[in-house]
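Everything numeric here is computed off the predicted structure, so don't read it as measured data.
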Amino acid sequence: MLPGVTTLSESLIRVLGPKTGKPLEAIFGLRTVGELLRHYPRRYYTRGELTDLSSLREGDHVTVLARVVTVAEIPLPPVPGKGRRSRLEVIVTDDRAKLVLTFFSGVGLYRRVLRPDVVGMFAGTVSSFRGRRQLVHPECEMLPGAPPNADLTPELAAEFAAEILPVYPASAKFSSWAIAKSVRTVLDTLDAGEDPLPADVRQRYELADRAVAIRAIHRPLDQADLARARDRLKWDEAFTLQAALAQRRLAAAAMPAMPRPHAVGGMADEFDTRLPFTLTAGQVAVGETIAHELSCAYPMHRLLQGEVGSGKTVIAIRAMLQVVDAGGQAALLAPTEVLAQQHYRSITDMLGPLAQGGQLGAAEHATGVALLTGSVGAAARRAALADVFTGDAGIVIGTHALLEEQVQFADLGLVVIDEQHRFGVEQRDALRAKAADNRPHVLVMTATPIPRTVAMTVYGDLETSTLTELPAGRSAIATHVVPAADKPRYLERAWERVREEVGRGQQAYVVCPRIGDVPGGPDSDEAEYPDEDDFGDVDMEGAIPRGVAPGGRRQPLAVLDVAATLDAGQLAGLRLGILHGRLHPEEKDRVMREFSAGQIDVLVATTVIEVGVDVPNATVMVIMDAERFGVSQLHQLRGRVGRGTVAGLCLLVSEAPPASPARERLDAVAATLDGFKLSRLDLEQRREGDVLGAAQAGRQSSLKLLRLLKDENLIGLARQEASAVVSADPQLTAHPALRAAIDELFGVQAEYLDKT
């Protein structure tokens, strides 16, 4: 390295000094020059374009560009021994709205700097005082003045006004312009090194060199320059990730695994003959693909996704039976006890005599099915552990309890993971490690459809199978929004509708975001509360108890409160049951068994019923405070009804005002049953880091510019190009810069992918 040259891997503390480098690490997690330069501006101001001050929200930390209108020094009441005191009140504007800047100290200094008509950048937290928005003691950065008037030709004036100013994600302790100054310092001496993107790819897609793009995204000459830089750096993110995933796919294919071929006349064949329905064409095709991969001498890594109720569980059972027929064992890992118990009941019911290995009345070809959860009693647990150890239990279903050290398999050949995103890296790795060769076949199931770009990123190391058809006999589900605040009669009609369904011998769910006041634990079961407060504080007279959260906004409705109110009022005389995550496991199991047996008319529950609960007689669902749930979560919840021959009905009760973002989400869910369309809407409303959280294994998202929906075509092209490069050079021997980029950007993710 040449003296005075800065590289991307160098420490910020060494380059910028500890006074700047340490805060950058402590506040933003930025340790190297490369990480600082990937801390991209979140917006850009043009010098001649002022900030829309009317868009500011109280509590936001903002950086605004505005012009000073007036400066006034206002005396403060005297305090004994303090002398004369005053505060400085500065009014700034964007020519449409005004903002107050208030200073209680340094009044003389700020009065000299902040003069009428000067333009500056001001950073602080928005608050209100006497009905006016203000920033108290904001940080200030005055923009350099224009060139002297004598030299200011129309062309120079236009160029000066068009200068682009970057605004960085900042904090109260480290301003945007302090970050900009640090960026300028490292850019002045930067050697970006060898370009990780192959030259032929850059040429084919007319992409800028990396060094040029890095400078342009921080110091763009104009909007076209900025667009070229963003396009190139998006390619860096997409290509590097897809190259890492391609390496993992190749490495997985090269690993040995025990083949588990289909056994003619075995349990899998007998199971097919016992099915009371005909498999869809999609189920047959996906089943054939999985059967072939299980028979190979390398581990299967497949993602099975599909519409709610599309029959993914049947596919998983057939795969597990094929492995058991071949002498191995299969483990199904579920995220909750309710779901594990539901899987156990439904799988043993569907298998019938095939699940009674070692018992009287068992089929000629039969195996044992064991359940291992935290609530299983000591005697049953010892028996299950013994059956797992000896191999008498060919199918093992459980929660995190399967990961415990004392759970030892005779020959684990297949791991089925339901809702992979709910499990951490270490948990998934712990289950796979229970296989003798550490390379069992892996089948991952998602609860709802996912967009193609998510499959190519979050699950990019897995081959994907998709089920789009619903099994024959499934009924349609009608969904309606119930605007409880402005049309309370609609809510009354909803409860009447529930009574009508129960009167016809059907059953119903009522879903709430919270549990209520349960001693000793949290009162939610993972409802996805949207971040924005966009549905107001509208109250609905009478119907349901309304707790008030700190700050004045009411709390989400709770199972315990709603159940008590309904039992005494709108649904009096019906048999109500309660289900939530804080119940004792035995109580949860009892409630679900009674509901499945038709002994409960209406089940008031949290989202514990979101996945896997299958009660064909349940035909109506009322979701309270529906705006508190995510789009995919609502779609998954309503998939619990309409599972029999009677049409389903889902009622989304909400106080969200018409035309609010929350109401628009609900209207979108009501308008379609297409889970793939809704999954795209869901992704649009999530931060990229949230979507990629599982793949990032807890690390800050490495995708800074790439947007999984907006850049769908780019991601597809990057996957194609990266796969070709890795296929020709698996170790990237001829591409050291790309290999280094993978190590730098995705080191933690690469560990995750090795364990997937």
Side-chain angles (χ1 to χ4, degrees), residues 308-309 336 338-339 341-342 346 447-448 474-482 484 491 493-516 524-527 544 556-567 570-571 574-581 583 588-626 628-629 632-644 646-654 666 669-670 673:
V308 175
T336 66
V338 169
L339 183 52
Q341 290 162 347
Q342 176 68 30
S346 62
T448 51
R474 285 289 169 87
S475 302
I477 304 172
T479 307
H480 302 285
V481 177
V482 178
L491 182 57
R493 177 61 188 138
W495 301 127
E496 291 170 3
R497 191 75 175 82
V498 170
R499 296 192 75 97
E500 291 168 6
E501 288 294 307
V502 173
R504 286 194 282 264
Q506 310 301 142
Q507 293 164 276
Y509 298 98
V510 176
V511 180
C512 303
R514 285 196 309 130
I515 298 171
S524 80
D525 280 338
E526 299 186 25
I544 298 292
L557 293 175
V559 165
L560 300 181
D561 298 332
V562 170
T565 302
L566 293 176
D567 191 41
Q570 296 92 334
L571 301 184
L574 301 187
R575 298 171 297 175
L576 270 60
I578 290 175
L579 185 67
H580 57 74
L583 288 176
K588 283 188 283 190
D589 190 44
R590 180 191 64 77
V591 171
M592 275 310 306
R593 280 189 279 104
E594 290 182 359
F595 188 63
S596 298
Q599 297 167 9
I600 292 174
D601 297 321
V602 180
L603 185 61
V604 186
T606 58
T607 55
V608 293
I609 57 114
E610 177 185 351
V611 179
V613 174
D614 188 3
V615 181
N617 196 49
T619 56
V620 61
M621 174 177 286
V622 181
I623 302 179
M624 307 301 295
D625 281 346
R628 307 276 182 165
F629 300 91
S632 289
Q633 196 172 31
L634 289 170
H635 183 56
Q636 182 65 41
L637 282 166
R638 73 173 164 189
R640 300 309 101 205
V641 297
R643 302 179 76 86
V646 180
L649 174 65
C650 181
L651 301 174
L652 307 176
V653 179
S654 173
L666 299 182
V669 173
L673 290 173

> Quick check: does any side chain N or O of D625 sit under 3.5 Å from a backbone N or O of P556, one acting as donor and the other as acceptor?
Replying inline: no
> Between L576 and A563, what is the shortest heavy-atom contact and its length?
Replying inline: CD2-O, 3.7 Å
> What are the two closest non-hydrogen atoms of G648 and V641, and how far apart are they?
Replying inline: CA-CG2, 4.3 Å
>> Please report the interatomic distance OG(S654) to CD1(I623), rounded to the nearest 0.5 Å.
In response: 11.0 Å
>> So, taking the atom named CG in L634 and the one named CZ in R628, what distance separates them when rounded to the nearest 0.5 Å?
In response: 13.0 Å
>> Quick one, L603 and M592 - any side-chain contact, counting heavy atoms below 4.5 Å?
In response: yes
> Would you call T565 and Q570 a side-chain contact if the rule is heavy atoms closer than 4.5 Å?
Replying inline: yes
> Taking all atoms of both residues into account, what is the closest heavy-atom pair of F595 and A618, and its distance?
Replying inline: CZ-CB, 4.2 Å
> Are any of the side-chain heavy atoms of T607 and F629 separated by less than 4.5 Å?
Replying inline: yes
>> Is there a salt bridge (charged side-chain N to carboxylate O under 4.0 Å, His left out) between R493 and E496? Walk through the geometry before answering.
In response: CA-CA 5 Å; R493 177 61 188 138; E496 291 170 3; 3.5 Å; yes
> Does the side chain of V622 reach to within under 4.5 Å of the side chain of V498, using non-hydrogen atoms?
Replying inline: yes
> How long is the gap from OG1 on T336 to NZ on K588, to the nearest 0.5 Å?
Replying inline: 7.0 Å
>> For a quick test of reading the model, state the closest non-hydrogen atom pair linking A670 to V481 and the distance between them.
In response: CB-CG2, 4.1 Å
>> Under 3.5 Å, is there a donor on one side chain and an acceptor on the other for D601 and Q507?
In response: no
>> Nearest 0.5 Å, please: how far is CE in M621 from OG1 in T479?
In response: 10.5 Å
> Does W495 offer a backbone N or O that forms a donor-acceptor pair with the side chain of R499 under 3.5 Å?
Replying inline: no
> How many angstroms lie between CD in E500 and CG in L649, if you round to the nearest 0.5 Å?
Replying inline: 10.0 Å
>> For the CZ atom of R514 and the CG atom of D561, what is their distance to the nearest 0.5 Å?
In response: 6.5 Å
> Do the non-hydrogen side-chain atoms of L566 and V602 ever get within less than 4.5 Å of each other?
Replying inline: no
>> Whether the side chain of R638 engages the backbone of V669 through a donor-acceptor N/O pair (distance < 3.5 Å, no angle test) should be reported.
In response: yes
> Any side-chain heavy atom of I609 sitting closer than 4.5 Å to one from L579?
Replying inline: yes
>> Could you report the tightest heavy-atom contact between V653 and A484, atom names first, then the distance?
In response: CG1-CB, 3.8 Å
> What closest approach, in Å, do V615 and S596 show between heavy atoms, and which atom pair accounts for it?
Replying inline: CG2-OG, 3.8 Å
>> With a 3.5 Å distance limit and no angle check, can you tell me whether Q506 reaches the backbone of N617 through a side-chain donor-acceptor pair?
In response: yes
